[in-house]
Amino acid sequence: MNWRIAIAYSVTIIAWGSAFPGIKIALQSYSPEHLALLRLLIGSSGLIIFAVVKKIRMPDLKDIPAILLLGFLGFTVYHTALNIGEETVSAGVASLLISITPMFSAVLAAIFLKDRFSKMGWIGSLIAFSGVAVISAGNGGSLSAVAVGVLLILVAAAGESCYFVFQTNYLNKYGFIPFTIYTILSGAFFMLFFFPGTITEITQAAPSSTYALVYLGLIPTIVPYFAVAYLISKAGAAEATSSLYLTPVAAMIIAWIWLGEIPSVLSLFGGILTLAGVSLPHWKEKEEPLLPAKQDSIESKV
């Protein structure tokens, strides 16, 4: 493997994995809504500077409503629901729950875009959601509070899935990096509703929480997207995203070192079930190469 690709994989997995314990630290002083707002504002500031330096053009007027909606789903809904969910769910378990995003995306694509969803995909879905149920039972704490937290993190995963599924035409038109900038700015715009009280919260926050907030805004909100863009350009989308199944592993290790969080055996078992269910259709596809006759048929259509 090319060393640049290896570094890009590592940066993506570690940066996104570190976001979950980072959120836990920031939530000690910031409300979930203010944390999401400030994280997106910090990220947006860095992206605006990047966009100006690179002279990235504005989106077409007709595309702005769709970009606003996708930014709302992929960033406003995702970050707010995830932050609220992590008030009662551990960082490592939250990362395992978010890993169900590819499964949500596949189901949505099958329903709305008429993409084929294989038998193994449905079996994987059942296994993944069984894993979610086991995670919920093994997370400890108040069952009702945990159930709400798990539900909100699944809402975050659903919002992110909608963002991934319905962005294709705009990615083709604008490119990965410009489109990501547009949607992060859109997500930050909708979060401005929560601005009242933000300044007071900043002045009263513990330094450790503020450091975590700045880290979240500058690193996990920006850096992985550029790394993934590089990976997609070099290895293709499927290969680039398959590595993200390691994100929960990174999150759990970082949460153990940073927060002293040790997930229960039941939660780990549920996490293994979830990851197995999500990855099952992809491994099945890799194990079944196209027959020569099918390859000829495909090549004749190109």
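Sequential numbering from 1 along the given sequence is applied to the chain's residues.
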Close side-chain approach of I98 and E160, heavy atoms under 4.5 Å: yes

side-chain contact (heavy atoms from CB on, under 4.5 Å) between I153 and V93, worked out: CA-CA 10 Å; I153 293 173; V93 168; over 6 Å; no

Expected output: side-chain S209 to main-chain A205 donor-acceptor under 3.5 Å: no

For the student: nearest non-hydrogen atoms of A26 and L35, plus distance: CB-CD1, 3.6 Å

Taking every non-hydrogen atom, the tightest pair across I222 and G46: CD1-CA, 4.4 Å

Same apolar cluster (I L V M F W Y, side chains within < 4.5 Å links), V11/I14: no

L192 vs L41, side-chain contact (heavy atoms from CB on, under 4.5 Å): CA-CA, chis, key distance, verdict: CA-CA 9 Å; L192 291 174; L41 286 179; 4.3 Å; yes

Which residues share a side-chain hydrogen bond (donor to acceptor under 3.5 Å, both in side chains) with Y163, sequence neighbours left out: T183

N/O donor-acceptor pair under 3.5 Å between T80 side chain and V77 backbone: no

Heavy-atom closest contact (N83 atom, A36 atom, distance): ND2-N, 3.3 Å

Atom pair OG1 (T210) and CD1 (I25), whose distance is rounded to the nearest 0.5 Å: 12.0 Å

L152 side chain reached by L82 side chain, heavy atoms, under 4.5 Å: no

CG-CD1 distance between L47 and I184, expressed to the nearest 0.5 angstrom: 5.0 Å

Single-linkage hydrophobic cluster, 4.5 Å side-chain cutoff, M252 and L259 together: no

Side-chain (T221) to main-chain (L216) donor-acceptor, under 3.5 angstrom: yes

Donor-acceptor pair, side chain of T198 and main chain of F195, under 3.5 angstrom: yes

Hydrophobic cluster identity match, I48 and V53, side-chain contacts under 4.5 Å: no

Heavy-atom side-chain proximity of Y30 to L213 below 4.5 angstrom: yes

Donor-acceptor under 3.5 Å (S18 side chain, A15 main chain): yes

Beyond-backbone contact of R57 with P178, side-chain heavy atoms, under 4.5 angstrom: no

Rounded distance (nearest 0.5 Å) linking atom OG1 of T180 with atom OH of Y182: 10.5 Å

From W16 atom CH2 to I219 atom CD1, the distance as rounded to the nearest 0.5 Å: 13.5 Å

Verify same cluster id: L40, I199 (apolar side-chain graph, 4.5 Å): yes

Verdict with reasoning, I23 to H79, per side-chain contact (heavy atoms from CB on, under 4.5 Å): CA-CA 10 Å; I23 289 169; H79 287 292; 5.8 Å; no

Residue pairs passing the ring-ring contact (aromatic ring centres under 6.0 Å, His included) test where at least one lies in residues 247-273, sequence neighbours excluded: none

Student check: side-chain heavy atoms of F20 and I254 closer than 4.5 Å: no

OG on S29 to CD on E201, rounded to 0.5 Å: 8.0 Å

Taking every non-hydrogen atom, the tightest pair across L218 and V223: O-CG2, 3.9 Å

CG on L37 to NE2 on H34, rounded to 0.5 Å: 7.0 Å

Non-hydrogen side-chain atoms of L69 and F166 separated by less than 4.5 Å: no

Hphob cluster co-occupancy, I49 + M58, side-chain heavy atoms under 4.5 angstrom: no

Polar side chain donor-acceptor pair, D63 to Y174, under 3.5 angstrom: yes

Minimal non-hydrogen separation, A81 against V155, with atom names: CB-CG1, 4.3 Å

G149 versus V89, closest heavy-atom pair with distance: C-CG2, 3.8 Å

Residue pair V148 / L151, side-chain heavy-atom distance below 4.5 Å: no

side-chain contact (heavy atoms from CB on, under 4.5 Å) evaluation trace for L108 with C162: CA-CA 7 Å; L108 287 171; C162 290; 3.7 Å; yes

K173 NZ: over 12 foreign heavy atoms closer than 6.0 Å: yes

Heavy-atom check, side chain of T76 versus side chain of F189, under 4.5 Å: no

Exam field: side chain K24 to backbone E86, donor-acceptor pair closer than 3.5 Å: yes

ring-ring contact (aromatic ring centres under 6.0 Å, His included): pairs with one or both residues in residues 36-55, sequence neighbours excluded: F50-F226

